[in-house]
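Please read all numbers here as calculations on a predicted model, not as lab measurements. Side chains included, hydrogens not; waters and symmetry mates left out as well; all remaining heavy atoms used. If you read the sequence from its start, that first residue is 1, and numbering goes on from there.
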Amino acid sequence: MSALLADRDARRRILTGTAAMAVVGSAVGLNVAILRDLQPITRHTLTMSANWAFCSLFFLTTREALLAEQRSRNDTLHLRMSQTRTSDEMFSSVIAGGLTGGMLAFISRGRRQSAITGAAFFAAVAAAGQFAYTKANHRRQQMILSRMQPDSVSEPPSSESKTEATAVEEPSQSTSIISRLRRAVSVDPITLLPDWFPFRRIPSEEYREILELRHEEVSFELTRVRQVLADMDRREELLVARLQSKQDNI
């Protein structure tokens, strides 16, 4: 929690999201109060705004705390944030949505079954929202990169170059069953997965770094276990010596 409070960007996201949801809640409460003729209108509007702000504050705080925990684990594994950002955000949003939905359902209805249903529903909503946000963000990044690339003006290809290009492309675009199977086997299936999918193929150097880190952790645990066993042996020797001395005295 201290790391979360020290992160300025996390605090900004939490406060901005909470304020935005408070405004949305006040608008919803005002419309509901007017349509249902609830008096006084101001009280219902403020109540709805406070409820939305509290829920969004709990959701955003939980999400940012989970993201901070995921990033700290990535640092220990020597992983860059860009490599696991999509999966970390999806995991954090789903867990935070489930906790928020379960809490709201339990408070409103007071039954465990309702809490489970509310948690599942809000987790699905959070997953759908995070998926849409990730896709829109990736689309925006692609548009920015395409605009940054300089426009290249090329001359129209001649008839000879067209003939050569067609001759080269025809073997690669063969529609026979053998060529299709060959192309299907040559393509790595992991590369066909979407960006938000939690599985990815890591390079050999990164895999070696992870193995070395795991080896260091196992070596440290083995050293600690040996120390504990040595302490137990010393205590056992002391107890045996005390028992022998008591028997000799008797």
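In the displayed structure, E221 atom CD is contacted under 6.0 Å by more than 12 heavy atoms of other residues, nucleotides or ligands. Counting heavy-atom neighbours within 6.0 Å of F58 CZ, excluding the residue itself, gives a total above 12.
A salt bridge is defined here as a Lys NZ or Arg NE, NH1 or NH2 lying under 4.0 Å from an Asp or Glu carboxylate O, and R208 with E205 fails to meet this definition.
Of all heavy-atom pairs between T100 and C55, the closest is CG2-O, 4.0 Å. The nearest pair of heavy atoms linking L57 to T61 is O-OG1, 2.6 Å. Contact detail for F59 and G97: the closest heavy-atom pair is CE1-N, 3.4 Å. Among all heavy-atom pairs drawn from A105 and A115, the shortest one is CB-CA, 3.8 Å. In this structure, L30 and T45 approach most closely via the heavy-atom pair CA-OG1, 3.5 Å. S56 and A53 make their closest contact through OG-O, 2.9 Å (heavy atoms, listed as atom of the first residue, atom of the second, distance).
Under the 4.5 Å side-chain heavy-atom criterion for ILVMFWY residues, a single connected hydrophobic cluster contains both L104 and V125. M48 and V24 fall within the same hydrophobic cluster, defined by Ile, Leu, Val, Met, Phe, Trp and Tyr side-chain heavy atoms under 4.5 Å apart, directly or through other members. Criterion: ILVMFWY side-chain heavy atoms under 4.5 Å apart, direct or through other members. Under it, W52 and M103 are not part of a common hydrophobic cluster. Residues L99 and F91 share a single hydrophobic cluster, defined by chaining ILVMFWY side chains whose heavy atoms lie under 4.5 Å apart.
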Requested in this report: Take L67 and E64 through the side-chain contact (heavy atoms from CB on, under 4.5 Å) test and state the conclusion after the steps.
Outcome: CA-CA 5 Å; L67 281 176; E64 292 296 334; 4.2 Å; yes
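With values rounded to the nearest 0.5 angstrom, I14 atom CD1 is found 9.5 Å from R11 atom CZ. Rounding to the nearest 0.5 angstrom, the gap separating the OG atom in S26 from the CE atom in M21 is 10.5 Å. Once rounded to the nearest 0.5 Å, the distance linking CG of L60 with OG1 of T16 reads 9.5 Å. The line from CG of L66 to CD of E69 is 8.0 Å long, rounded to the nearest 0.5 Å. Atom CD in E209 sits 7.0 Å away from atom CD in E212 (nearest 0.5 Å).
Checking R63 against S93 by side-chain atom types alone, a donor-acceptor pair falls below 3.5 Å. Residues Q227 and T223 bring no donor and acceptor atom of their side chains to less than 3.5 Å of each other.
Under the 3.5 Å distance criterion, the side-chain polar atoms of S114 are left unmatched by any main-chain donor or acceptor of F106. Looking only at distances, no side-chain donor or acceptor of T18 sits under 3.5 Å from a matching main-chain atom of L15. Listed for the N137 side chain is no donor-acceptor partner under 3.5 Å among the backbone atoms of Y133.
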